[in-house]
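Hydrogens, waters and symmetry mates are skipped; everything else that's a heavy atom, side chains included, is used. As the structure lists them, so they are numbered: ligands from 1, and atoms in each ligand from 1.
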Amino acid sequence: MNLSKSIFYISIILMVLNLSCQSEVKKETQIEAQKYAKELHSFAQPNESVIKHLDLNIKVDFDTEIISGTATYDIENNNASEIVLDSKFLEIKSVTADGKPTEFSLGDFDENLGQPLTIKINDDTKTIGITYNTTEKTEALQWLNPQQTADKIHPFLFTQGQAILTRTWIPIQDSPQIRITYDATVQVPKDLMAVMSAENPKEKNSEGIYSFKMEQPIPPYLMALAVGDIAYKAVSERTGVYAEPSMLEKAHYEFGDMENMVKAAENLYGDYDWDQFDVIVLPPSFPFGGMENPRLTFLTPTVIAGDRSLTSLIAHELAHSWSGNLVTNATWNDFWLNEGFTVYFEIRIMEALYGKDRANMIALIGRQDLDEELDSFKDEPEATKLKLDLTGKNPDDGMNSIAYDKGYLFLRTLEEKVGRETFDAFLKNYFEAHAFSTLTTEDFVTYLKTNLLEPNAVDFNVDEWIYQPGVPSNQAIIASDKFSNAEKVLNRYLNNDPIDKSLTEDWTTLEWVHFIRNFPKDMAADEMARLDQAFDLSNATNSHIAMVWFEKAIDKDYHGNGVDAKIEEFLISVGRRWYVETLFKAFKRNDKVEAALEIYRKSRQNYHSVTVNTIDDLLNFEPTK
Ligand code: BES
Ligand code: ZN
């Protein structure tokens, strides 16, 4: 072969190599470009152009009940000529691209999703700025008058973002797959203080202007703000409580174990990545037990029982700092990845701190919830799969407690199959490998097979657990001597044995809850009267005990010891959806809708929109306005 021929061949080889190399690069950028999974609940097109950082500058006006200001985003643009954000019930005043006015449009309104906000950008646009305000229809915000707070002096405001409500107070790409860092400046009335899911002030300042920084990227559903007359008290260097002044000491006592919980959690699954773990006790209308807003969990005051008996809720929200906030469900169809892992982690924290007895009682309460939820979905088995299909649904209506309790049972069963040590090592690696990113259920299944099942040659019916309705027969069996004992005591009383208070004097809240929940169907109201006389259960101050007792009173048509007034008072003051829904469901199944509506007409104005939506549906309530 002469020289020119060899040069010719070499250049051909080089060309081919180069081409194949280029196509590799191309494939990679394509994969890179498609890194966001298909999303049912956001108009955003993050594969085209995506927000990366938010600079929020807002004013909170209690007189008009409006938040107004500017949201400025740093964006990453993949050669797109527009960027699409989610917006619902917002008034968009003007939009800029790199500081210059640009065109924008709001698309058709969808009842669940709101409207796409489409903004014109260039190849090289780096930032967009949106001047906007919220409206009275906002679903995330609840504006409370002083009467609706603990101290009854100042108004209060809080937000609830999960699942798709952040778009009703900030225009944003509202998908859990998207992560942003943020800075915020929030102006509030001078006598109030603002806190966010970010680095927070610990004291009021005289200007009423607060600055925030969230340096770890978070999904938009974790953006959160609360404004009120609040004060801070530290539990440890990195944990503490915010509450209205009259609640601060009680809250500080109730959550005194917070630092120990963080330590226990770190021992299990690795370092706490968010520096600070604080909680804020909100007014009683807060629609959840807790909400895991990063660095600052939002809490219902009903968790303050005086004896630290309901603090598994804190363990739960803390656990979300790993499962949910660090490793996030990619879509709301994968919600069980957030909640199932969190319940598992919560119960492990409780076991580490307080022992197996307490952990198993919590697990068994969830096991009974699971049976009740499975029963309620007997005509809709699809809803009992871990992997959901929320097509066409508001995620808030489609997400149910299956994610929590079946998710937990799946992971506990897996743990028992592979052994705790192996399972813990796997989970720790799972959190580390996926920190600050998102997974679909399918991503998880692949990871599980590759990193746990195959290396340990374990055969496990993963697909049945995740993609089939109901509970597979290889489920872990959970048992508790304490609960067996509570059942025995109940049976004695049902057999008319005299009340013997020594049998129950060392009972914890969980035993009382179990005892009451297991009153048999045919138990008469008289029987409740006898127990009420002995234990004054109608006046229980523990919110969980009160709630299950009230449920039974409605079921059994029991009206003694002033219980009707207590139920009404409870429903008017507490907006925690789980409690409220449980009681209104009891009215409904006992053909007492009229009685329910009579209370609901008074209580509805105190509830946040997520509770209102659920109860309106349940009672077919049509507001007259
Ligand atoms: N993240 C949830 C609350 C939530 C779920 C809000 C779905 C909106 C949509 C929170 O962590 C939670 O699970 N709260 C429970 C507490 C519990 C199971 C210990 C609650 O509020 O009851
Ligand atoms: Zn949760």
Side-chain angles (χ1 to χ4, degrees), residues 41 112 139-140 142 158-166 168 174 176 197 218-224 261 279 281-282 284-294 296-303 305 309-329 331-350 359 361-363 365-370 373 388 390 393-408 509-510 513 543-544 547 574-582 608-611 613-614:
H41 298 112
N112 295 328
E139 294 170 315
Q142 191 177 12
F158 67 81
T159 66
Q160 167 59 37
Q162 198 181 13
I164 55 169
L165 304 182
T166 297
T168 76
D174 198 5
S197 50
I218 60 166
Y221 74 89
L222 296 174
M223 292 288 311
M261 284 190 175
V279 299
V281 179
L282 294 165
S285 67
F286 185 62
F288 297 102
M291 178 65 215
E292 66 271 24
N293 298 315
L296 182 64
T297 280
F298 281 25
L299 286 181
T300 171
T302 62
V303 68
S309 62
L310 300 176
T311 55
S312 60
L313 182 78
I314 304 284
H316 179 95
E317 304 314 333
L318 169 65
H320 274 304
S321 306
W322 287 259
S323 43
N325 299 3
L326 198 59
V327 180
T328 308
N329 53 207
T331 77
W332 297 117
N333 287 343
D334 310 300
F335 180 56
W336 78 276
L337 289 179
N338 274 16
E339 296 299 344
F341 280 74
T342 295
V343 174
Y344 178 82
F345 197 166
E346 162 202 334
I347 293 177
R348 291 295 305 276
I349 294 170
M350 295 306 282
M361 287 193 279
I362 298 169
I365 298 255
R367 187 65 194 77
Q368 190 169 347
D369 289 338
L370 177 58
E373 194 77 329
L388 296 170
L390 298 171
K393 284 195 187 145
N394 186 331
D396 201 50
D397 300 332
M399 289 155 27
N400 58 53
S401 67
I402 295 290
Y404 293 74
D405 300 316
K406 182 176 170 184
Y408 170 74
T509 295
L510 293 171
V513 167
S543 65
H544 197 177
M547 194 271 287
V574 174
R576 184 175 178 181
R577 179 167 65 177
W578 168 41
Y579 285 179
V580 169
E581 189 183 10
T582 305
H608 183 273
S609 77
V610 304
T611 303
N613 287 342
T614 302

Exercise. How far apart are the closest heavy atoms of N400 and E373, and which atoms are they?
Worked result: CB-OE2, 3.3 Å

Exercise. Quick one: does H41's side chain have a donor or acceptor within less than 3.5 Å of a partner on K393's backbone?
Worked result: yes

Problem set entry | Student check: side-chain heavy atoms of T297 and I314 closer than 4.5 Å | no

For this session: Quick one: the OE1 of E339, the Zn ion (ligand 2), NE2 of H316 angle, rounded to 10°, please.
Result: 100°

Exercise. Is there a side-chain contact between L370 and I402 (heavy atoms, below 4.5 Å)?
Worked result: yes

Exercise. Under a 4.0 Å heavy-atom cut-off, which residues neighbour ligand 1?
Worked result: Q160, Q162, F288, G289, G290, M291, E292, L313, H316, E317, H320, F335, E339, M399, Y404, R576

For this session: Examine F158 together with H608 and report whether their ring centres are nearer than 6.0 Å.
Result: yes

For this session: Ignoring hydrogens and angles, tell me if any N or O in the side chain of E292 forms a donor-acceptor pair with the backbone of H320 under 3.5 Å.
Result: no

